[in-house]
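The structure presented is a predicted model; accordingly, all values stated were derived computationally and were not measured.
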Amino acid sequence: MLSGSAALARGEAPMSLRLLEHAGASPPVTDPSALPGRALPVDERYSLGIVGEPVWLAITLPALDGPRFLHLDNPLLHDVVLYRHRPDGAAAWQPVARHVMQPLIGEPQPAWRPIFPVETLGTYLLKIDSTQSLRFGLHLQTPEVLERDWRAFTLGQGLYLGLVLGLALYNSVLLLSLRDSSYFWYLGFVLGIAGYFIGQKGLLHEVWPSLSIATNEALMFTALAVGATSALQFCRRFLLMPREDPFLGRCLRAVGWFAAIGIALAWTHPGHPTLIFFSLFGTAVMGLFLVSAIRALCRRFRPARWLLLAWGALVLGAAVFILATYGWLPHHFLTYYGFQLGSAIEVTLLSLALADRISLLRRERQSLLDEQARLHGMSYTDGLTGLSNRRYLDEYLAVAAKAAVTDGKPLSLVMLDLDRFKAFNDRWGHLEGDRALQHLAKVMRDAVRDEDTVCRYGGEEFVLVLPGRDAAQALDIAERLRLELASRPLRLESGDDVILTATLGVASHVPGESTASLLDRADQALYRGKRAGRNRVVLERADPGNEYDIVANDRAARSTLR
């Protein structure tokens with residue numbers, strides 16, 4: 001029985017209900033008050049679980065002061081008929097036509113929801129038959145309250161679908177830009193679960209009024225199967241299970257194939273078998289979700305925190321929904337909408353989980369790229385001086401020579417060798433010799449442009465590559481470098497200052513010449529300078545006379561060579 005105060009607070013009229021012990025598809029011939037039965041509790045919603053036969057309710061209505069509607073809020077009830085007693089004796093019971101409503105598309109027709117107009121007091125019989133769970137709310141409402149409740153229902157469903165579709169659109173853009181299959185499976189799950197609730201709440205009848213309830217249920221469970229399979233694949237992909245947890249990943253993939261059985265059942269054996277199957281299937285899927293997220297957290301995969309929260313919200317909502325389906329929990333707002341609320345929380349948290357995972361993978365990828373760049377740099381860098389090494393010189397010089405020919409610009413090379421370096425090592429030791437090489441490297445870096453490249457060729461030999469510099473400019477740079485080295489003494493660990501000198505050979509590239517030939521000519525010029533007395537710059541010309549110009553230590557002599 002619905003209490004008078006509660007009913008009046010909702011704008012409803014109080015009524016009393018009895019669950020009759022009557023079987024069969026036809027109303028009882030005898031007076032319902034003479035049939036055994038039990039009064040239903042004061043609650044306005046009822047959960048009778050899965051029942052194989054029709055259920056009969058005797059409803060006693062009070063005197064009504066205006067039009068009223070008897071409304072059952074479960075659209076999945078297959079066969080709902082309201083009978084009114086006829087006092088004229090022509091027939092004991094007469095069916096009451098459903099309320100006529102205007103759908104979104106098409107002509108006005110009887111409501112797809114069980115809504116019956118009632119105008120007189122007395123006893124009514126309500127027959128409820130369904131292959132789904134018998135859970136419903138029963139309300140006796142004024143037209144205004146019925147309209148208000150319908151607006152609240154459609155607003156709530158609109159907010160849910162708006163959230164789901166908004167997240168689906170956002171993640172579709174990410175799928176197209178990132179090409180990550182996790183987003184594809186996320187979309188499959190989101191759209192599948194949304195399709196399930198569209199069917200479960202009867203919204204499909206708004207645009208397809210002639211759709212049968214059996215077809216609606218088949219579509220509903222098909223959407224649920226698609227959503228569950230997508231969620232399993234999303235879980236595998238998101239948690240990197242093929243690589244990190246292959247055994248559990250195979251379990252998730254195997255369970256996903258059972259969704260095909262559920263789809264076949266939904267279309268060939270609708271009703272209780274399908275409902276029981278999906279209850280068991282859903283329980284197994286959600287259990288795997290939780291286990292997968294917990295195992296991922298144990299291996300310190302941080303985005304699994306979002307996943308665990310998301311699955312937890314869904315599992316809690318689905319659990320109360322399933323328990324109420326079998327009549328083990330009462331039918332009320334949380335047990336009826338808990339699954340939908342849990343899914344709304346889940347799809348939101350999963351979207352955050354994807355963002356967190358992408359951020360983590362980007363950081364890992366950037367760290368990997370940085371490490372690769374570091375290793376790449378090490379492979380092209382001399383460990384002692386920090387200059388580019390011989391390997392880098394060989395590759396860079398080939399590119400620079402090709403660019404010089406293409407652009408029609410000059411390219412020159414300076415090869416430098418420290419004078420009497422072996423004697424220096426013998427006198428001061430190899431540690432001071434290393435410091436001498438580092439000192440020379442710093443002098444060379446300070447003396448050239450950013451676009452010029454300084455390389456350690458081997459031992460105490462160094463090469464300076466000068467793109468865009470002709471022979472005269474390279475000669476001037478080499479002489480300036482020689483003078484700079486002589487003017488900056490090396491301070492030894494002992495505190496002594498030692499003047500380092502170097503001999504330099506200069507060569508300028510000519511079209512058609514190989515880089516090996518260019519290096520060889522610079523090397524020949526260097527050794528010609530060594531034989532001439534060291535501490536000087538020598539330019540080798542690539543003309544037919546093959547003349548070598550030796551630059552003396554003073555600027556006047558150097559200027560005569562221009």
Side-chain angles (χ1 to χ4, degrees), residues 366-401 403 411-469 473-474 476-507 515-516 518-519 522-523 526 534-535 537:
Q366 186 59 49
S367 178
L368 179 60
L369 291 176
D370 292 343
E371 180 65 15
Q372 289 176 340
R374 186 183 70 83
L375 294 175
H376 184 270
M378 290 175 62
S379 67
Y380 286 100
T381 303
D382 176 61
L384 177 64
T385 62
L387 301 176
S388 299
N389 58 17
R390 173 70 180 272
R391 178 182 178 185
Y392 179 82
L393 173 66
D394 292 340
E395 296 182 10
Y396 172 71
L397 190 56
V399 175
L411 171 68
S412 298
L413 208 67
V414 177
M415 185 172 286
L416 178 151
D417 185 89
L418 280 176
D419 295 332
R420 297 183 174 86
F421 187 63
K422 182 178 183 303
F424 180 93
N425 277 334
D426 292 341
R427 179 177 180 183
W428 302 107
H430 288 284
L431 291 179
E432 292 290 6
D434 290 343
R435 295 184 65 248
L437 295 176
Q438 293 168 344
H439 174 73
L440 172 60
K442 185 176 188 311
V443 171
M444 294 183 71
R445 276 195 298 261
D446 293 343
V448 299
R449 306 170 301 175
D450 291 339
E451 57 266 33
D452 299 329
T453 301
V454 184
C455 303
R456 185 181 179 188
Y457 193 66
E460 65 272 18
E461 286 187 326
F462 295 78
V463 173
L464 176 60
V465 184
L466 302 171
R469 304 282 195 170
Q473 292 171 320
D476 185 72
I477 292 171
E479 177 63 8
R480 188 171 72 246
L481 179 58
R482 185 187 69 81
L483 296 174
E484 181 70 16
L485 178 63
S487 67
R488 292 169 61 175
L490 169 66
R491 175 64 58 89
L492 302 177
E493 290 291 339
S494 62
D496 297 327
D497 289 338
V498 176
I499 299 297
L500 299 175
T501 63
T503 302
L504 301 92
V506 179
T515 56
L518 178 62
L519 280 167
D523 188 54
L526 169 65
R534 299 182 177 85
N535 191 23
V537 177

What are the two closest heavy atoms between [X] and [Y], and how far apart are they?
X      : Y      : answer
Arg482 : Glu479 : NH2-OE2, 2.6 Å
Leu481 : Ala447 : CD1-CB, 3.9 Å
Thr501 : Leu485 : C-CD2, 4.0 Å
Val414 : Ala474 : CG2-O, 4.1 Å
Phe421 : Ala436 : CE1-CB, 4.1 Å
Leu504 : Ala478 : CD2-O, 3.8 Å

Would you check if [X] and [Y] make a side-chain contact, meaning some heavy-atom pair closer than 4.5 Å?
X      : Y      : answer
Leu519 : Leu393 : yes
Leu384 : Arg456 : yes
Arg445 : Leu387 : yes
Asp446 : Lys442 : yes
His439 : Leu500 : yes
Glu395 : Tyr380 : yes
Ile499 : Pro489 : yes

Distance check, rounded to the nearest 0.5 Å: [X] atom [atom1] versus [Y] atom [atom2]?
X      : Y      : atom1 : atom2 : value
Leu418 : Arg534 : CG    : CZ    : 11.5 Å
Asp394 : Tyr457 : CG    : OH    : 7.0 Å
Leu397 : Arg390 : CG    : CZ    : 10.0 Å
Glu461 : Thr503 : CD    : OG1   : 11.0 Å
Leu464 : Asp452 : CG    : CG    : 6.0 Å
Asp382 : Arg391 : CG    : CZ    : 14.0 Å

(message) Could you check whether any side-chain N or O of Glu493 sits under 3.5 Å from a backbone N or O of Glu432, counting only pairs where one atom can act as donor and the other as acceptor?
(response) no
(message) With a 3.5 Å distance limit and no angle check, can you tell me whether Thr515 reaches the backbone of Ala398 through a side-chain donor-acceptor pair?
(response) no
(request) State whether the number of non-hydrogen atoms from other residues, nucleotides or ligands found under 6.0 Å of Arg449 atom CZ is greater than 12. (result) yes
(message) Going by side chain to side chain contact (heavy atoms under 4.5 Å, CB included), Val465 matches just one of Val454, Leu518, Thr453. Which one?
(response) Thr453
(request) Could you tell me which residues satisfy salt bridge (Lys or Arg N to Asp or Glu O under 4.0 Å) with Asp523, sequence neighbours excluded, listed by chain and number? (result) none
(message) Between Phe424 and Asp419, does the side chain to side chain contact (heavy atoms under 4.5 Å, CB included) criterion hold? Intermediate values first, please.
(response) CA-CA 9 Å; Phe424 180 93; Asp419 295 332; over 6 Å; no
(request) List for me each residue that meets side-chain contact (heavy atoms from CB on, under 4.5 Å) alongside Asp496, sequence neighbours excluded, and say none if there are none. (result) Trp428, Leu492, Ser494
